[in-house]
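These numbers come from a predicted model, not from an experiment.
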Amino acid sequence: MTGKLSKDSAKVSNEEPYFISGNTTLTKCCSFDSGTAEVYKENNRLLRVPQPNIALSNSSDLSQSNDDKYGWSDFQGEIATKVADFLRPHFDQVVLLLGAGASIVPKKKKDDSGSGDATPNDSYGLPMSGILKAIDDELSASGSGFYSMDYMKQLAFPNGLPSPDDNDLESILSQFEKAEEFVPEDNSENYTVTLKQIRKIIVDKTKYGFDDQCMKHLALINFFNRKVSDGNKLSIVTTNYDTLIEEAAAKGSYTVFDGFTFSDTPVFDAKMFDWNLVKDVPNLKTREVIYDKKVMNLLKIHGSLTWKKDDKVRTVRRVSKLENLDSPLLIFPSTNKYEQSYRAPYSDLFYKFRELLNRPRTLLVTVGFSFGDTHIFEMVNDALRHNDGLSMLFTNYSIDSDESSNLGKLKQLIDEGYRVAFLRAALNDDLPTYLKMDENA
């Protein structure tokens, strides 16, 4: 059902934007008159109201029967139409940027009324706050043999503990690392052992596997792979350590170019991204080739559970996940990650990412990535401002932002006329509905 707009501005409260683009904002809110009934807006005009007897003043065409109510499912259809319009232009290539939110599975998906439980299922991905809590719980457990988080903070913050606003994993781990060489000698050994344990817990919390019953990574790959023109590859860039993309791609029979050689003991070689899979056309008079459509690039710009450094030959190897590496090659969440991104192999991956963003007729879709990493924000922001052929669809469970934040600055590009849209959706919840993805893929 397409929503009908009222003639008057809507008087509402508790507004939650779900889709924002250059000429459209779709919002869920509460009726000002009732205070409880949900209503839906496009820009500043009401779509159909959900109750038959609720109408704004001076509007004679909004009353409707119980059989003609405008509800949550209708609003979702409205969003899906706007998203389809945004994705309608032809793109030669698609780049997906996945963050921690792409690995989170809610305890209960939204139902037909829009209600659900977004609390992360702790069997799968966790937000940084969830990992921080897991670290705190494990270190504080009786008999753990490690310093508690509170005591680590006392040692690392000698001039006073951080405020609650600074109580996030990245800032805390950064300070722990900076303070390591200044910890009193009596505490130094246990401090270092506990810091190593914190990194181990972070790794352990990303060792879940792909579950096609609740994860939609393969459906996402299939959907956007169909939008890539012949001769190009779908490219997925991720800051996640987990192997969900690799496992989903294997289930879908995709060939993945991840920068490692196709050998028994794969080693990193950035030139692998330049290759593709083709076959000759059986015609002696031509030299045409057919490109394999099930081919994709994977750039794991913060490392992977399956990477290890081989100091003997000064290279990076990829191993089976079954090896269960104790110390995989990763960029951990700290301010030091900006410096590490300029080292091999990360520098090669960031160079490739930048190159992809500067190609013409490119669609960038972010999934569960909030742009907390300033170096990545700057790269994307710069590409959007200088590449007229780049469009971006930002998707996340929340699209609220402060104007001074990285996300707020990207949202300002919409007002400046750049082809950017924001969609409130999570991959393993309602994103498939808005993209009309085949969830059984």
Side-chain angles (χ1 to χ4, degrees), residues 10-32 35-36 38-47 72 75-76 78-80 82-83 86 97-104 106-110 114-120 125-130 132 163-171 239 364-374 376-378 380-381 384 392-416 418-431 433-435:
K11 297 180 180 180
V12 296
S13 61
N14 299 328
E15 299 189 39
E16 295 179 347
Y18 270 75
F19 180 78
I20 305 172
S21 68
N23 55 11
T24 300
T25 298
L26 295 175
T27 308
K28 182 180 81 170
C29 38
C30 291
S31 166
F32 183 80
T36 57
E38 289 182 352
V39 293
Y40 307 94
K41 295 196 310 176
E42 179 174 345
N43 299 329
N44 199 36
R45 299 296 185 93
L46 277 184
L47 296 163
W72 171 249
F75 185 59
Q76 285 187 306
E78 205 86 44
I79 296 171
K82 299 299 183 184
V83 172
F86 185 82
L97 173 58
L98 273 60
S103 300
I104 292 175
K107 286 189 174 181
K108 183 183 178 183
K109 291 177 58 176
K110 292 187 180 73
S115 64
D117 184 355
T119 304
L126 293 173
M128 287 298 180
S129 58
L132 180 59
S163 67
D165 290 341
D166 296 327
N167 199 27
D168 68 272
L169 181 58
E170 183 169 315
S171 63
T239 56
L364 170 65
V365 181
T366 71
V367 182
F369 185 77
S370 59
F371 283 98
D373 296 334
T374 298
I376 299 176
F377 156 74
E378 291 175 346
V380 171
N381 184 59
L384 286 166
M392 184 184 78
L393 175 63
F394 173 89
T395 73
N396 196 33
Y397 75 97
S398 173
I399 58 176
D400 298 328
S401 61
D402 183 89
E403 289 185 1
S404 63
S405 67
N406 291 340
L407 192 55
K409 293 174 183 176
L410 287 175
K411 195 179 290 184
Q412 290 173 18
L413 293 177
I414 299 175
D415 296 331
E416 295 177 29
Y418 293 92
R419 201 164 190 280
V420 174
F422 277 57
L423 172 63
R424 183 187 183 115
L427 174 58
N428 300 311
D429 193 351
D430 47 0
L431 183 59
T433 299
Y434 300 133
L435 294 180

Distance under 6.0 Å and angle within 45° of ring axis: [X] vs [Y]:
{"X": "R424", "Y": "Y434", "value": "no"}
{"X": "K411", "Y": "F422", "value": "yes"}
{"X": "K110", "Y": "W72", "value": "no"}

Main-chain N/O of [Y] paired with [X] side-chain donor or acceptor, under 3.5 Å:
{"X": "D430", "Y": "T433", "answer": "no"}
{"X": "D429", "Y": "A425", "answer": "no"}
{"X": "N43", "Y": "R45", "answer": "no"}
{"X": "R419", "Y": "G22", "answer": "no"}
{"X": "T239", "Y": "G99", "answer": "no"}
{"X": "N428", "Y": "I104", "answer": "yes"}

| Excluding sequence neighbours, so at least two apart, what forms salt bridge (charged side-chain N to carboxylate O under 4.0 Å, His left out) with E403? | none

| Partner residues of K82 under the salt bridge (charged side-chain N to carboxylate O under 4.0 Å, His left out) criterion, sequence neighbours left out | E42

Side-chain touch [X]/[Y], heavy atoms, less than 4.5 angstrom:
{"X": "I399", "Y": "F394", "result": "yes"}
{"X": "P106", "Y": "P120", "result": "no"}
{"X": "M392", "Y": "I414", "result": "no"}
{"X": "F377", "Y": "K409", "result": "yes"}

| Without hydrogens or angle criteria, can the side chains of D402 and S405 be said to hold a donor-acceptor pair below 3.5 Å? | no

| Could E15 and K41 be called an ion pair, given the rule that one side-chain N must be under 4.0 Å from one carboxylate O? | yes

| request: Could you tell me which residues satisfy side chain to side chain donor-acceptor pair (under 3.5 Å) with S398, sequence neighbours excluded, listed by chain and number? | output: none

